Amino acid sequence: MRVGMSVNHTEEMITNRTEADAASPAAASSEELAGASNRPVKWFALRRDIPAWGYRVLATVGFASLLLGWDWLSHSGFINPVFLPTPSKVWHTTLELFGDPTLWLDIKISFLRVTGGFLLAAALALPLGVWIGSLKAVEGLLQPLTEFIRYIPVPALIPLMMIFFGIGELAKVMLIFVGTFFQLVLMVADEIRRVPYELVQVSYTLGAKPGETMRLVLWRAAMPGIFDALRLCNGFAWTYLVVAELIAANEGLGYRILKFSRYLQTPKIFVYLLLLGAIGLALDIAFRRLNARLFHWADTTKR
Amino acid sequence: MKLEIRQLEKVFTTAQAATTRALAPVSFDVGDGEFVSLVGPSGCGKSTLLYLIAGLDEPSGGQMLLDGERVTGPGRERGLVFQNYTLYPWLTVLENAQFSLRLSGNVDITRSTSEAMNHIGQVYSLLDLMGLGEFYNAYPRHLSGGMKQRVAIARALANNPKVLLMDEPFGALDAQTREQMQEMLLLLSRHEQSTILFVTHDVEEAIYLSTRILVFSARPGRILREIRVPFGPERDLDLKLQPAFLRLKREIIDLLHQQQATDFDRCLLLHKLVQPKTIQ
């Protein structure tokens with residue numbers, strides 16, 4: 001009881017806005033901003049926010065130092081330039097490759113493979129995860145099984161995939177599917193279990209039947225978390241791309257990297273690696289923005 | 001009688017097959033329009049009892065009757081307001097209060113337009129009555145604790161429950177908000193003529209709000225005494241300072257202290273047993 005009380009108090013403090021604030025959420029947030037600029041910013045307070053501009057500057061510094069370190073290392077003579085090209089060499093190669101339709105074709109085909117596998121995984125994992133998270137009986141039936149399959153390394157499945165699905169696009173999509181599906185099922189189930197049980201209980205006392213509670217309450221309350229799980233799984237899907245393109249591919253970002261490596265074309269490898277990183281980061285930001293927009297009601301202070 | 005509780009009890013079995021009796025068989029009635037409070041030392045099983053009545057927990061024995069009919073499991077005729085804020089965060093104040101309209105159990109309301117309009121009108125007036133009129137479209141994350149709890153009460157009442165169960169609903173609020181909420185609940189319960197069963201550990205709150213108080217013993221909880229509150233339906237916060245009020249408060253607090261004393265004595269005894277060793 002006492003533990004519950006103290007939790008409530010912190011919750012009270014977090015959401016303890018005056019009624020006037022609640023009347024106009026927009027006014028409340030602008031007031032918060034004004035309040036923040038009056039007080040000195042604490043840059044090293046545990047788990048506290050820092051100003052957005054500071055965050056951006058630090059992110060830029062992080063990227064810039066990687067670039068500078070790389071530049072220094074590549075010019076230092078410690079490493080053979082065949083293995084580590086200079087940033088300017090990579091930059092010129094980038095410009096050169098951007099003019100080449102091959103690169104755009106690679107991006108397109110890889111994007112389609114990843115997205116195909118990811119969407120298929122999401123379409124099946126979402127309902128399954130919701131059922132596993134909602135009902136202990138379904139959990140008992142499927143969760144240990146899923147955990148077991150999850151630990152089989154995806155590259156080890158390549159031979160089987162080729163036997164089952166041939167060497168065409170289907171095999172590649174299925175490999176990405178296998179790589180993300182089992183993870184996603186468990187993450188979705190976890191998000192459902194994270195919904196406070198009181199929400200289920202209160203729904204029952206309002207007259208909701210179990211099915212309605214699952215559909216109207218559990219699934220709905222878990223949505224922001226599930227969306228975040230999708231973001232993470234999209235990341236996994238991209239990491240399995242290279243593995244998938246080991247199967248008799250003739251194009252694609254992963255395939256191309258392997259091909260460049262065969263001819264020791266390290267500048268080109270770097271271009272493709274940077275491109276993969278940039279695509280991943282862009283998708284991540286898109287997912288986060290969409291999450292904040294779709295689920296503006298969620299209390300982000302708790303995440 | 002609205003609600004009849006007959007020999008309701010709860011025994012918990014732990015993993016080691018040991019049993020703990022949380023609630024001794026208790027029996028009591030709640031009449032139509034009554035405001036009954038359950039007070040008792042912490043851990044006496046009063047919240048357990050409320051959850052049993054709400055149908056959220058299975059009793060180990062006994063039964064309950066609502067309007068003379070036996071009830072089991074949860075149902076919309078027994079609304080519950082929790083201690084924690086249990087609003088649906090993705091719904092606005094108005095949508096939260098109207099949530100039950102989305103449920104199939106309410107087809108009788110949603111089928112007829114006039115009934116639905118009637119219900120919606122009722123929700124609006126309920127929210128206005130509770131001072132939430134300007135916050136129809138606010139989301140719970142923008143509300144203070146007191147306002148969240150008002151919405152939770154409105155949501156439960158909008159369902160027209162035969163009895164409203166409340167589990168320390170103001171326990172997490174600060175003293176000032178708490179008093180405001182008590183006044184509001186008092187007005188509301190008279191206005192709506194609701195039948196309310198209220199669990200609290202705050203004796204003053206219990207006296208101020210109730211028409212009747214059931215004082216529970218320490219675990220396993222049983223009813224020690226039933227007290228009819230001798231004040232009329234018209235009450236204001238000033239009442240809390242009246243001698244008659246304070247006398248009643250003292251009486252109940254003394255009763256509760258006797259209950260806690262047994263635990264306290266045990267601690268003291270243990271302390272005495274241990275102390276000589278530590279001195280040497």
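Chain A is the first sequence line, chain B the second, and so forth, proteins listed ahead of strands; every chain is numbered from 1. Everything numeric in this text was worked out from a predicted model, so none of it was measured.
A:Arg231 CZ: more than 12 foreign heavy atoms inside a 6.0 Å radius. Shown here is A:Phe111, whose CZ atom has no more than 12 heavy atoms of other residues, nucleotides or ligands within 6.0 Å. Heavy-atom contacts from other residues, nucleotides or ligands closer than 6.0 Å to CG of A:Asp49 number 12 or fewer. For A:Trp43, the CH2 atom counts as densely surrounded, since its 6.0 Å shell holds more than 12 non-hydrogen atoms of other residues, nucleotides or ligands.
The line from CZ of B:Arg102 to CZ of A:Arg215 is 11.0 Å long, rounded to the nearest 0.5 Å. One finds the CG atom of B:Leu91 at 9.0 Å from the CH2 atom of A:Trp297 (value rounded to the nearest 0.5 Å).
Of all the listed residues (B:Leu80, B:Leu56, B:Asn137, B:Asn159), the one sharing the greatest number of non-hydrogen pairs under 4.5 Å with chain A is B:Leu56.
Nearest approach of A:Leu206 to B:Ala156, heavy atoms of both residues: CD2-CA, 4.3 Å. In this structure, A:Gly207 and B:Leu103 approach most closely via the heavy-atom pair C-CD1, 3.8 Å.
Contact of B:Leu87 with chain A is made through the backbone alone, with heavy-atom distances under 4.5 Å. Contacts between A:Glu212 and chain B at a heavy-atom distance below 4.5 Å involve the side chain alone, from C-beta outward.
With B:Trp90 as reference, A:Arg220 is the one residue of A:Met223, A:His296, A:Arg220 to meet the side chain to side chain contact (heavy atoms under 4.5 Å, CB included) rule. Tested against B:Thr86 for a side chain to side chain contact (heavy atoms under 4.5 Å, CB included), the candidates A:Val200, A:Thr205, A:Val202 yield a single pass: A:Val202.
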Exercise for the section: Test side chain to side chain contact (heavy atoms under 4.5 Å, CB included) on A:Leu216 and B:Tyr88 and set out the steps. Expected result: CA-CA 10 Å; A:Leu216 297 174; B:Tyr88 302 117; over 6 Å; no

